[in-house]
Amino acid sequence: QVTLVESGGGLAQPGGSLNLSCRASGFTFSSHAMSWARQAPGKGLEWVAGVWSYSDGSGTYYADSVKGRFTISRDNSKNKVYLQMNSLKPEDTALYYCGKSRTIQARAVPTTSEGYNYWGRGAQVTVSS
């Protein structure tokens, strides 16, 4: 069965950094776009970043709120996707989820929840002084 396990969350001060990891199994990892989404207290799920990969390249996409600060990447040989989070702000505080897209071998990243059929349990990120 499909499993997605996030790790690397924790507490950081404003301006600090954290690196999230997601280990995937139970499907052909390289065929699916992957994303990170987050849910802050009292708010809905917000898409953060996504990445697709194929034999001739890859593409990354970001929400405006994290552009220039977060970097998504993937290692298909390890079935892992990462989110490097720099210049953290208090408003980045949320539960961060790793998601698997429904479609395969598409050079696109869904930005709504309907585009994903599996999510991990989440990793808590807290940014506070």
Side-chain angles (χ1 to χ4, degrees):
Q1 59 181 356
V2 173
T3 59
L4 301 170
V5 182
E6 300 95 339
S7 62
L11 177 66
Q13 294 187 343
S17 298
L18 287 171
N19 187 31
L20 302 181
S21 297
C22 173
R23 183 179 70 253
S25 62
F27 65 99
T28 304
F29 180 77
S30 61
S31 296
H32 293 261
M34 302 292 293
S35 281
W36 290 94
R38 65 188 181 185
Q39 187 169 32
K43 296 186 177 181
L45 191 67
E46 176 192 17
W47 175 82
V48 172
V51 58
W52 59 264
S53 66
Y54 213 166
S55 61
D56 61 346
S58 62
T60 59
Y61 305 89
Y62 301 91
D64 289 341
S65 59
V66 305
K67 284 182 179 177
R69 300 189 298 119
F70 292 7
T71 302
I72 188 171
S73 61
R74 66 192 296 163
D75 186 339
N76 289 340
S77 70
K78 297 180 179 180
N79 283 13
K80 287 186 175 181
V81 59
Y82 309 94
L83 186 67
Q84 178 63 49
M85 309 164 66
N86 298 325
S87 302
L88 285 164
K89 303 175 180 180
E91 51 263 44
D92 294 321
T93 296
L95 190 63
Y96 283 71
Y97 298 95
C98 174
K100 166 190 171 293
S101 67
R102 293 181 182 273
T103 58
I104 62 172
Q105 299 181 3
R107 296 181 183 182
V109 175
T111 57
T112 61
S113 60
E114 289 78 11
Y116 299 84
N117 56 357
Y118 290 95
W119 297 95
R121 291 186 176 184
Q124 180 64 45
V125 171
T126 301
V127 184
S128 176
S129 60

For this session: Using the side chain to side chain contact (heavy atoms under 4.5 Å, CB included) rule, take Ser21 and Lys78 through it: C-alpha gap first, then chi angles, then the decisive distance, then the call.
Result: CA-CA 11 Å; Ser21 297; Lys78 297 180 179 180; over 6 Å; no

Problem set entry | Derivation of the side chain to side chain contact (heavy atoms under 4.5 Å, CB included) call for Ser65 and Glu91 | CA-CA 10 Å; Ser65 59; Glu91 51 263 44; over 6 Å; no

For this session: I would like to know whether Lys89 and Asp92 meet salt bridge (Lys or Arg N to Asp or Glu O under 4.0 Å); could you show each step before the answer?
Result: CA-CA 5 Å; Lys89 303 175 180 180; Asp92 294 321; over 6 Å; no

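In the hydrophobic clustering of this structure, Trp119 does not group with Trp36; members are Ile, Leu, Val, Met, Phe, Trp, Tyr whose side-chain heavy atoms approach within less than 4.5 Å, directly or through other members. Val48 and Leu20 fall within the same hydrophobic cluster, defined by Ile, Leu, Val, Met, Phe, Trp and Tyr side-chain heavy atoms under 4.5 Å apart, directly or through other members. Val109 and Tyr97 end up in the same hydrophobic cluster when Ile, Leu, Val, Met, Phe, Trp and Tyr side chains are linked at under 4.5 Å. Residues Tyr96 and Tyr118 are members of one and the same hydrophobic cluster, defined by side-chain heavy-atom contacts under 4.5 angstrom among Ile, Leu, Val, Met, Phe, Trp and Tyr. Note on Tyr82 and Val51: separate hydrophobic clusters, where clusters join Ile, Leu, Val, Met, Phe, Trp and Tyr whose side-chain heavy atoms are under 4.5 Å apart, directly or indirectly.
No donor-acceptor pair under 3.5 Å is formed between the side chain of Thr28 and the backbone N or O of Ser30. Side chain of Tyr62 to main chain of Ile72: a donor-acceptor pair is present (N/O by atom type, distance under 3.5 Å, no hydrogens or angles). Using a distance-only test at 3.5 Å, with no hydrogens or angles considered, a donor-acceptor pair links the side chain of Glu6 to the main chain of Gly122. Between the side chain of Arg102 and the backbone N or O of Gly115, no donor-acceptor pair lies under 3.5 Å. The main-chain N or O of Gln105 is never found under 3.5 Å from a side-chain atom of His32 such that the two would form a donor-acceptor pair. Checked by atom type and distance alone, the side chain of Tyr116 pairs as donor or acceptor with a backbone atom of Pro110 at under 3.5 Å. Arg107 contributes no side-chain N or O that, together with a main-chain N or O of Gly59, makes up a donor-acceptor pair within less than 3.5 Å.
We find the CH2-OG distance between Trp47 and Ser35 to be 6.0 Å, quoted to the nearest 0.5 Å. Rounding to the nearest 0.5 angstrom, the gap separating the CZ atom in Arg38 from the CD atom in Glu46 is 4.5 Å. The CZ atom of Arg69 sits 12.0 Å away from the CD atom of Gln84 when rounded to the nearest 0.5 Å. One finds the OG1 atom of Thr71 at 6.5 Å from the CG atom of Asn86 (value rounded to the nearest 0.5 Å).
Between Asn76 and Ser53 there is a side-chain heavy-atom pair separated by less than 4.5 Å. In this structure the side chain of Pro14 reaches within 4.5 angstrom of the side chain of Pro90, judged on heavy atoms. Counting heavy atoms from C-beta outward, Val81 and Cys98 have side chains that approach closer than 4.5 Å. Looking at heavy atoms from C-beta onward, Asn19 lies out of side-chain contact with Leu83 at the 4.5 angstrom threshold. Between Met34 and Leu4 the shortest side-chain heavy-atom distance falls below 4.5 Å. Contact of the Leu11 side chain with the Val125 side chain is not registered, since no non-hydrogen atoms from C-beta on lie closer than 4.5 Å.
Cation-pi geometry between Arg74 and Phe29 is satisfied (NZ or CZ under 6.0 Å from the ring centre, within 45° of the ring normal). Cation-pi contact between Lys100 and Phe27: present, with separation from the ring centre below 6.0 Å and deviation from the ring axis of at most 45°.
Looking at residues two or more places apart in sequence or on another chain, you find no side chain to side chain contact (heavy atoms under 4.5 Å, CB included) involving Arg121.
The two residues Ser87 and Ser17 have their closest heavy-atom pair at N-OG, 4.4 Å.
Between Trp52 and Ser58, the side chains place no donor N or O within less than 3.5 Å of an acceptor N or O (distance only, hydrogens not considered). For the 3.5 Å distance criterion, the side chains of Ser25 and Asn79 fail to qualify, holding no donor opposite an acceptor.
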